[in-house]
Amino acid sequence: RAYLVGAQPQADMAALNTALLALVASLQPGAEEVARQQVAFEAVRRVLSQGWPQAQVHLFGSTANGLSICNNNDIDICLELPDGSDSLSSKGEVVEQMAKLVEEAGMKDVLPLPKARVPVVKFVVGETGTKVDVTVNNILAIVNTKLLRDYGAIDQRLLQLCFVVKHWAKRRQVNDSYRGTLSSYCYVLMCIHLLQQRAPPILPCLHALKPSTHRRTVGVWQCDYHDEVSSLEDFGAQNTETLAELVWAFFEYWAWKHDYNNSVISVRTASFLTKAQKEWTRRVGNERHLVCIEDPFELTHDLGRTVDRQTSGVLHKEFERAACILRDCADPLEKLFEPY
Ligand code: CTP
Ligand code: MG
């Protein structure tokens, strides 16, 4: 599996691109599914608003950022309380109260996890079969969902690449941060970063563009960036790379080019930082920093910190497998997405 410098894919890239675009179209949720998610969200919103009339109820995650893959029955919801209740213990209490309330309202399989790192209540909306996670004052997630949606509005190749990478990660079972691989959120940041690195770039650095039109402070974090993306629609026009070329670039990068020992990818700066700069050079508790991806807002958060020795091997092998298939197969798609 040696890396051949300058290796090029075997496939006819124009044909591969057509096939990938067809795949992306087939992964998009249909109108019925979108409507069902909306029904589930409204049902939850109604219940939570009865319990907390002053609160706001937000949808976040893939159903809110435009990156939901079809047959995704999960939605992420955040209850934003007007003040206080920011300590972990009071979030836990709110989670317990929510669990009672949604149970009384007839939601199924209610499971409160008040002591989790991010306290959450999980349940199922019976009418639609939708699995719901509700968190409390998870404001960073609302802001980072908006950041992803804003990047997605700049160049459609980002959405296409994210669909392909997420689909691959689900099929190959490397999309589970609880089991030591990477979250979808992390894969999307990896895609944004790749498009920021192309020459010429396909995406700008929204944190660096001035003025910062979106301004919000969340705890100690200053979450400012430029969100007037409608004026950036032509940003990537100088770059004519196709989806197929970008999929190849993504896997080639993570298989053979990323410096796992030293490098941190940073969407916030559209550049590479070093582990030394971030003080991510040694293991602290369970945080090993084997694959380093900086959260764009919560700057001490390494999204790869859940990766351990074993799963970093699994991930690297999967990136290599994908890159080799693209390099060596004339018709790579079926094999690339073969279920693990
Ligand atoms: N999130 C976060 N920090 C993480 C993981 C997730 O802030 N370490 C937040 C992000 O706002 C993300 C949301 O939780 O958008 C949902 O995460 P995830 O399920 O990983 O992403 P989705 O885009 O919802 O992907 P999927 O379609 O696979 O559910
Ligand atoms: Mg989700």
Side-chain angles (χ1 to χ4, degrees), residues 24 27-29 33-34 36-37 40-41 44 57-80 91 113 116-125 130-152 158-192 214 216 218-219 221 223 225 264-268 280 286-287 289 291-307 311 315:
V24 168
L27 292 172
Q28 233 117 73
E33 186 172 341
V34 173
R36 200 160 53 236
Q37 286 168 343
F41 175 55
V44 177
V57 182
H58 305 270
L59 194 60
F60 70 99
S62 61
T63 35
N65 66 25
L67 292 170
S68 185
I69 288 188
C70 61
N71 304 322
N72 165 22
N73 271 333
D74 302 5
I75 61 177
D76 299 295
I77 292 177
C78 168
L79 179 72
E80 182 182 5
K91 282 187 184 179
L113 298 173
R117 190 185 72 88
V118 181
V120 59
V121 55
K122 293 173 170 285
F123 57 89
V124 173
V125 179
T130 310
K131 289 189 215 147
V132 183
D133 282 3
V134 187
T135 46
V136 183
N137 286 359
N138 193 2
I139 310 302
L140 283 170
I142 296 170
V143 177
N144 68 37
T145 294
K146 176 172 156 53
L147 181 75
L148 268 43
R149 191 175 61 235
D150 286 338
Y151 270 114
L158 175 62
L159 299 186
Q160 295 165 351
L161 180 63
C162 289
F163 270 93
V164 172
V165 169
K166 278 179 66 171
H167 180 58
W168 166 83
K170 286 175 200 295
R171 283 286 178 93
R172 300 303 300 170
Q173 296 189 27
V174 287
N175 181 205
D176 189 347
S177 54
Y178 294 101
R179 295 214 170 92
T181 55
L182 302 173
S183 65
S184 295
Y185 174 57
C186 189
Y187 282 112
V188 173
L189 290 170
M190 290 154 76
C191 292
I192 294 173
H214 177 273
R216 184 154 190 187
V218 182
W221 307 115
C223 302
Y225 70 95
V264 176
I265 69 160
S266 163
V267 164
R268 171 182 64 98
W280 287 348
N286 269 336
E287 306 201 1
H289 306 300
V291 181
C292 291
I293 291 120
E294 180 192 59
D295 186 88
F297 299 115
E298 191 181 4
L299 303 186
T300 52
H301 189 176
D302 172 11
L303 291 160
R305 76 194 191 297
T306 50
V307 174
T311 51
L315 272 169

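Position 1 is the first residue of the sequence, and the numbers go up from there. Remember, it's 1-based here, ligands and their atoms both numbered in the order they're listed. Being a predicted model, the structure only gives us computed values, none of them experimental.
- For L113 against K122, the heavy-atom pair with the smallest separation is CD1-CE, 4.0 Å.
- When all heavy atoms are compared, the tightest approach of I293 to D302 is N-OD1, 3.0 Å.
- Not a single heavy atom of I69 sits less than 4.0 Å from an atom of ligand 1.
- A pairwise comparison of heavy atoms in T145 and F60 identifies OG1-CB, 3.4 Å as the closest pair.
- The protein heavy-atom contact nearest to atom 19 (O) of ligand 1 is D76 OD2, 4.4 Å.
- Between R268 atom CZ and Y225 atom OH the span is 15.5 Å, to the nearest 0.5 Å.
- Side-chain contact between E294 and V267: absent, with no pair of heavy atoms (C-beta onward) separated by less than 4.5 Å.
- Ranking the protein heavy atoms by distance from atom 14 (O) of ligand 1 puts F60 CE1, 3.5 Å first.
- Checking N175 against K170 by side-chain atom types alone, a donor-acceptor pair falls below 3.5 Å.
- Among the atoms of A141, some N or O lies under 3.5 angstrom from an N or O of ligand 1.
- No option in L303, V165, I265, L161 other than I265 meets the side chain to side chain contact (heavy atoms under 4.5 Å, CB included) test with M190.
- Ranking protein heavy atoms by distance to atom 29 (O) of ligand 1, first place goes to S62 OG, 3.8 Å.
- Atom 6 (C) of ligand 1 has its nearest heavy-atom neighbour, among F297, Y185, Y187, in Y185.
- T181 and V174 make their closest contact through OG1-C, 3.2 Å (heavy atoms, listed as atom of the first residue, atom of the second, distance).
- Heavy-atom proximity to T145, at under 4.0 Å, picks out these atoms of ligand 1: 11 (O), 15 (O).
- Looking from atom 11 (O) of ligand 1 to the surrounding protein, the closest heavy atom is N144 OD1, 2.4 Å.
- For atom 15 (O) of ligand 1, the closest heavy atom belonging to the protein is G61 CA, 3.3 Å.
- Using a 4.0 angstrom heavy-atom cutoff, D74 does not count as in contact with ligand 1.
- The closest approach between a heavy atom of K166 and any atom of ligand 1 is below 4.0 Å.
- For the pair D76 and T63, the tightest heavy-atom approach, listed with the atom from each and the gap, is N-OG1, 4.4 Å.
- For the residue pair L182 and L315, the shortest heavy atom distance occurs at CG-CD1, 3.9 Å.
- Looking at L303 against ligand 1, only its side chain comes within 4.0 Å, counting heavy atoms.
- Each of the atoms 26 (P), 28 (O) of ligand 1 lies under 4.0 Å from some heavy atom of K170.
- Taking every non-hydrogen atom of H301 and a distance limit under 4.0 Å, the qualifying atoms of ligand 1 come out as 8 (N).
- When you scan the N, O or S atoms of D76 for the one nearest the Mg ion (ligand 2), you land on OD2.
- Distances from atom 28 (O) of ligand 1 to the heavy atoms of S183, S184, G304 put S184 nearest.
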